[in-house]
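What you see is a predicted model; the values in this text were computed from it and never measured. The chains referred to below are lettered A, B, ... by the order of the sequence lines, with proteins before strands, and numbering in each begins at 1.
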Amino acid sequence: MTPRQARAVFDRLLAQHGPQHWWPGDSPFEIMVGAVLTQNTAWRNVERAIDYLRAAGLLDAAYILACDDDRLARLLRPSGYFNVKATRLKALCRWILDAGGVEALGRWPTDRLRHGLLAVKGVGPETADDILLYAFERPVFVVDAYTRRLFSRLGLCAPDVGYEALRHAFERVLPPDVALFNEYHALIVAHGKDVCRPRPRCGECGLQRSCPAAGSPGARTT
DNA sequence: ACCCAGGGTCATA
DNA sequence: TATGACCATGGG
C-alpha cells in the first residue's frame, strides 16, 4: 500500500460518510470499558451495558473491582459474553489500579502501555490499540475485521494478512497523526456497517442470502 | 431460522 | 503455528 492509495481511500470514505466523531465515550476510562465490551459485539448492545454501569455508579475502576461478580455480569448482560467480560473488565481495572490509575498510565510511553495492555487477560491487539488510540490518544492505527475486509477487496492487502502486518502497513504510509488515525478507523467501521458487508447484499430489498439479486453486479460491496 | 456484530482465550494436533 | 470450540445477547 502506497501513501497515495491510503490517502485516496481515506478521502473517499470521508466524502461518503462524513466525520464520525469517535470514540463515543465521555472519559478515557469509559472508552477502555467500551473497548472490552465491544469485542465481537454490536455497539448498540455495548451502550446498554455502559448505561447500566453508569446508572449503578460503577464507571470507576475501584468500584468495578469491588463489585460482586454476579452483579457485574448482570449489568453487562446486554453486551453478551457477560461472564467472560465481567472477568476481563476486572482484570483491566486491576491493571489500571496497580499502575496508579489512568492519569499515571497517561505518562507511560506508548510501547510500554501497549505491552502492559496486552499482558491483561482479555485484552488482545485490537482492544489494546482501541485504548491506545482513543483513550490515550497515541498514534496507533487500529485494525479490525472491517479493515481487512475492505482493504483486501480493494486489492491493497492479502485477505489473510496478519494483524501486525496490516497495522504496520498503515503506519508506514501515513503520518503518525492521532486525529487522522481516529477518523480513518471510525470511517472504516461506518463503511463496513453500511456498504462493505461480509457478503454482497441486494440493494433493493436489503436481504443477503434469500434474495436472488444479492451478489449481482449491481450490488456494491466495497 | 440464519447471519452478523467495533475479539480473545484455551485446548488440541 | 494453526485451526476449532467456546463465550451469549440483540438486530436484521
K121(A) and T87(A) side chains, donor-acceptor separation under 3.5 Å: no
Distance check needed: dG8(B) C1' versus D144(A) CG, whole Å only. 14 Å
Figure out the CG/C1' separation between D194(A) and dC4(B), and round it to whole Å. 15 Å
Within the 4.0 Å heavy-atom criterion, would you say R88(A) contacts the bases, only the backbone, or no part of the nucleic acid? base
Write down the distance between CD (E47(A)) and C1' (dT9(C)), rounded to a whole number of angstrom. 15 Å
Is any side-chain nitrogen or oxygen of R77(A) closer than 4.0 Å to OP1 or OP2 of dG10(C)? yes
Would you measure the distance from the C1' atom in dG6(B) across to the matching atom in dA5(C) and give it in whole Å? 23 Å
How long is the line joining CZ of R148(A) and P of dG7(B), in whole Å? 11 Å
On DNA chain C, does the nearest nucleotide to R48(A) precede the nearest nucleotide to T41(A) from the 5' side, or the other way round? Give the residue. T41(A)
Q39(A) side-chain proximity, nearest of dA5(B), dT9(C), dG8(B): dG8(B)
In this structure, is the centre-to-centre distance between the rings of F181(A) and F170(A) below 6.0 Å? no
Do we count W22(A) as stacking onto dG6(B) if the rule is ring centres under 5.5 Å and planes under 30°? yes
Would you indicate whether the side-chain heavy atoms of R54(A) and E30(A) approach each other to under 4.5 Å? yes
Rounded to whole angstroms, how far apart are CG on L187(A) and P on dG6(B)? 15 Å
Specify the separation, in whole Å, of atom CG of N40(A) and atom C1' of dC7(C). 9 Å
Rounding to an integer number of Å, can you tell me how far L76(A) CG sits from dG8(B) P? 17 Å
Check whether any side-chain nitrogen or oxygen of R149(A) sits under 4.0 Å from OP1 or OP2 of dA5(B), and answer yes or no. yes
Charged N-O contact under 4.0 Å between D98(A) and R94(A): yes
Does N45(A) make a side-chain N or O approach to OP1 or OP2 of dG11(C) shorter than 4.0 Å? no
Give V189(A) one of three labels, base, sugar-phosphate or nothing, depending on what nucleic acid heavy atoms sit under 4.0 Å from its own. base
When rounded to whole Å, the CD1 to P distance for the pair I131(A) and dG7(B) reads 13 Å
Could you give the distance separating dA8(C) and dC10(B) at their P atoms, to the nearest angstrom? 14 Å
Where along residues 120-130 of chain A does a heavy atom come under 4.0 Å from DNA chain B, residue by residue in number order? V120(A), K121(A), G122(A), V123(A), G124(A), P125(A), E126(A), T127(A)
Does the pair R167(A)/E164(A) count as a salt bridge with the N-to-O cut at 4.0 Å? yes
Could you give the distance from CD (E126(A)) to CG (D144(A)), rounded to the nearest 0.5 Å? 5.5 Å
dT1(C) pairs with, by Watson-Crick or G-U criteria that keep both distances under 3.5 Å: dA13(B)
Upstream residue (5' side of DNA chain B) when L118(A) and Y146(A) are each assigned their closest nucleotide: Y146(A)
From the set dG11(C), dC4(B), dC7(C), return the single nucleotide nearest to any side-chain atom of P198(A). dC4(B)
Specify whether H185(A) and W22(A) have parallel, tilted or perpendicular ring planes, treating 30° as the upper limit for parallel and 60° as the lower limit for perpendicular. perpendicular
Please determine if R48(A) and D51(A) form a salt bridge, counting it only when a charged side-chain N lies under 4.0 Å from a carboxylate O. no
